[in-house]
Amino acid sequence: MKLIMSWLVGLWGWFDARLPVQRAWDTHMAKYYAPKNFNFWYFFGVLSLLVLVNQFVTGIWLTMSYEPSSERAFASVEYIMRDVDFGWILRYMHSTGASAFFLVVYLHMFRGLLYGSYKAPRELVWLFGMAIFLALMAEGFLGYVLPWGQMSYWGAQVIISLFGAIPYIGEAIVEWVRGDYLISGITLNRFFALHVVAVPIVLLGLVVLHLLALHEVGSNNPDGVEIKKNKDENGIPLDGIPFHPYYTVHDLVPVVVFLFVFCFIIFFMPEMGGYFIEFANFEHANSLKTPEHIAPVWYFTPYYSMLRAVPDKFMGFLVMAAAVAILFVLPWLDRSPVKSIRYKGSISRVAVVLFAVAFVILGVLGVKAPTPERTALAQICTVLYFLYFLAMPVWTSLEKTLPEPERVTMDGGMGFWRAMGVLFIIIALIVIPLKAVGSEASHDCGTIACDAFEPDSSDKASLQRGANTFVNYCMGCHSAKYSRWERVADDLGIPHGMALENLIFTDQKIGGLMEISMSERSGKAWFGAPPPDLTLVTRARSGKWVYTYLRNFYADSSRPIGINNKVFKDVGMPHALLDLQGLPSCAPGPVLATNGGIKVDPLTSEPILDAPCGNYELLTEGTLSPDEFDDAVYDLVNFLSYLANPVLKESRHTGVYVLLFLAFLLVWVSLLNREYWKDIH
């Protein structure tokens, strides 16, 4: 054993003499002294680094199965989600990681505003940080296009077209960015190269420079006190402690808490209600079909709101660009003699609160369809955003400040309850204006409210009945071409022989995709457009939308096929379930809700007593009673919901165990942290 240890020590000495790993470790970890009074706001730097690693690792694995072409990009993402082992986890980790990255970076930047981390001698640290933010925005936009869904395509169309507002050279720049006369596979291919190779190299280099600059001048702290001013006889800061092991252990607690929230989102709500993954992105990109409302993903929406708030396109582009550019000159705008918000005057405190409120409101407005009221609020918030920076030299020069302490303090600043009070005020200032301009009268299901529907992927009997209905009544036109017969049979507990005999078309194999039986040309000839993949429609619009849609066909002699639908007005699709339901016709009268109550006007709360299509009367009887038909539609949509997201059950099952492990781990890292920090005062 001694011989082995001696050999290992000698090997380490040989290696370290040629590559000074130990010196680098001491410089940046073991002998790097950080202030001992870091608080909650200082966790987000470490979390940013954690998410960066997540994005690199998951991105590498995703590129192994992704195909950057306009024909195969969308299908390859669905292949990753459905057929690649644990591909769905990798995709969700990457998509959730993108949103998490921007969230922690925004909070990290806000901490810089609070405690003056941009002031001398840390101007270069701030500039590198802003360069990282700029590269991150480019990386986020490029990656947003790669799934090649509807919102990816049209979001790219809107953002790229902004360059066309630049006089004289705008159109040339747009064509150069696209690589074509319109957004196409060439655009997608070059965006893939930039997203996977070019921008990550720049981003990684900037992160290294950011950390090197930080460790050269030392970390700031909530008091804004330079700890290097007070050293002991050995030259060690009196108010500093080695980053390792103290902060490496201390940061384990927020890391585990962050991972708990991160994993909860991944396993239980990866779309985050359409904010992390827009539902429109579950539809294949279609240059001939414009979404009702085009908006970028949430982390770009504050700047998108500024763009829309300005009537002129070119001026809006300049305002959006200036909103990012002005951050780079922040170190020279603040004239205050102190760094931290703790010792600045009341004007600075009110200003930073209003700035945060304006930024969040702009972000919320950016995901909503514009109205005159919302545009007016966005204009006010845009003015507040810029006023914060442009007026800063004035108020920071004039306001009275408190003297900074000689040494760092450990009292936690304003304390928990005052912090909660400020948070409550910020939330109120955000919610009240948004409520004032946020009224909407539209329904989730067209002209009516959606019927109640809750899928149950554990009910295999329902799924089997739904599969039978889908194959017999829907697959003549609609495909489920991203799903495989074998997996469906296994998940539904159907033996392969029985599936081949009762479900699978004679020209298809058990391991094949559930392809459409109607050709695209025939679909265009019959309906004017190829029938969509119903599983994608279910994922994009929700199961309750499809459930309500299938139950609300009615006879309409004004339509070419004699059928209309209350959810999708003037639909071109025939009533495929006519044999089961019969043919309903409209009867004027009150609109009945699913619970038997009278439908009311959403604006006046008055009953709708004379709707042109309030009730239904059956012109022809179907093979099923109304209750049996509702059960059959439920089973069908339950099966479609499973096909739309076949990993849902597995995701939630896995998520429970992951969260239990992280909760158990949190206990131990908390105890470890308390043991290390018990003597730090």
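For the single chain, residues carry numbers from 1 onward in sequence order.
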Hey, does the side chain of [X] reach the backbone of [Y] with a donor-acceptor pair shorter than 3.5 angstrom?
| X | Y | result |
| --- | --- | --- |
| Ser95 | Tyr92 | yes |
| Asp180 | Thr187 | no |
| Gln150 | Lys289 | yes |
| Arg91 | Thr58 | no |
| Ser99 | Thr96 | no |
| Trp154 | Asn286 | yes |
| Tyr385 | Met306 | no |
| Ser152 | Tyr144 | yes |
| Arg178 | Ile160 | no |

How close do [X] and [Y] get, counting heavy atoms only, and between which atoms?
| X | Y | result |
| --- | --- | --- |
| Ala295 | Gly366 | CB-O, 3.5 Å |
| Tyr181 | Glu175 | CE2-OE2, 3.6 Å |
| Pro200 | Leu194 | CD-O, 3.5 Å |
| Ser641 | Gly543 | OG-CA, 4.0 Å |
| Thr382 | Leu362 | OG1-CD2, 3.8 Å |
| Leu659 | Cys263 | CD2-CB, 4.1 Å |

Atom [atom1] of [X] and atom [atom2] of [Y]: how far apart are they, to the nearest 0.5 Å?
| X | Y | atom1 | atom2 | answer |
| --- | --- | --- | --- | --- |
| Leu107 | Leu47 | CG | CG | 9.5 Å |
| Phe328 | Glu123 | CZ | CD | 15.0 Å |
| Leu50 | Gln55 | CG | CD | 10.0 Å |
| Leu214 | His28 | CG | NE2 | 10.0 Å |
| Lys368 | His293 | NZ | NE2 | 9.0 Å |
| Asn281 | Leu536 | CG | CG | 11.5 Å |

Between [Y] and [X], is there a side-chain heavy-atom distance shorter than 4.5 Å?
| X | Y | answer |
| --- | --- | --- |
| Pro296 | Thr301 | yes |
| Leu211 | Phe128 | no |
| Val46 | Pro254 | no |
| Leu434 | Leu365 | yes |
| Ile80 | Leu90 | no |

Give a yes or no on whether [X] atom [atom1] has more than 12 heavy-atom contacts from other residues, nucleotides or ligands under 6.0 Å away.
| X | atom1 | value |
| --- | --- | --- |
| Phe314 | CZ | yes |
| Phe86 | CZ | no |
| Trp41 | CH2 | yes |
| Lys119 | NZ | yes |
| Asp312 | CG | yes |
| Tyr275 | OH | no |
| Met315 | CE | no |

Between Tyr304 and Phe300, does the ring centroid distance fall short of 6.0 Å?
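Judged by ring-centre distance (under 6.0 Å), Tyr304 and Phe300 do not meet the cut-off.
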With under 30° as parallel and over 60° as perpendicular, where do the rings of [X] and [Y] fit, or are they tilted in between?
| X | Y | value |
| --- | --- | --- |
| His108 | His210 | perpendicular |
| Trp395 | Tyr388 | tilted |
| Tyr106 | Phe102 | tilted |
| Phe38 | Tyr247 | tilted |
| Phe258 | Phe262 | parallel |
| Phe74 | Tyr482 | perpendicular |

Chi angles and distances behind the ring-ring contact (aromatic ring centres under 6.0 Å, His included) call for Phe192, Tyr66
CA-CA 10 Å; Phe192 175 73; Tyr66 177 77; 5.4 Å; yes
Do Ser117 and Trp126 have side-chain N/O donor and acceptor atoms under 3.5 Å apart?
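The criterion, which ignores hydrogens and geometry beyond distance, is not satisfied for Trp126 and Ser117.
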Candidate list Lys339, Arg122, Lys344, test salt bridge (charged side-chain N to carboxylate O under 4.0 Å, His left out), partner Asp334, passing option
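When Lys339, Arg122, Lys344 are each tested with Asp334, the salt bridge (charged side-chain N to carboxylate O under 4.0 Å, His left out) holds only for Lys344.
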Name the residue from Val257, Val669, Leu259 that meets the side-chain contact (heavy atoms from CB on, under 4.5 Å) definition with Leu662.
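Result for side-chain contact (heavy atoms from CB on, under 4.5 Å) with Leu662: Leu259.
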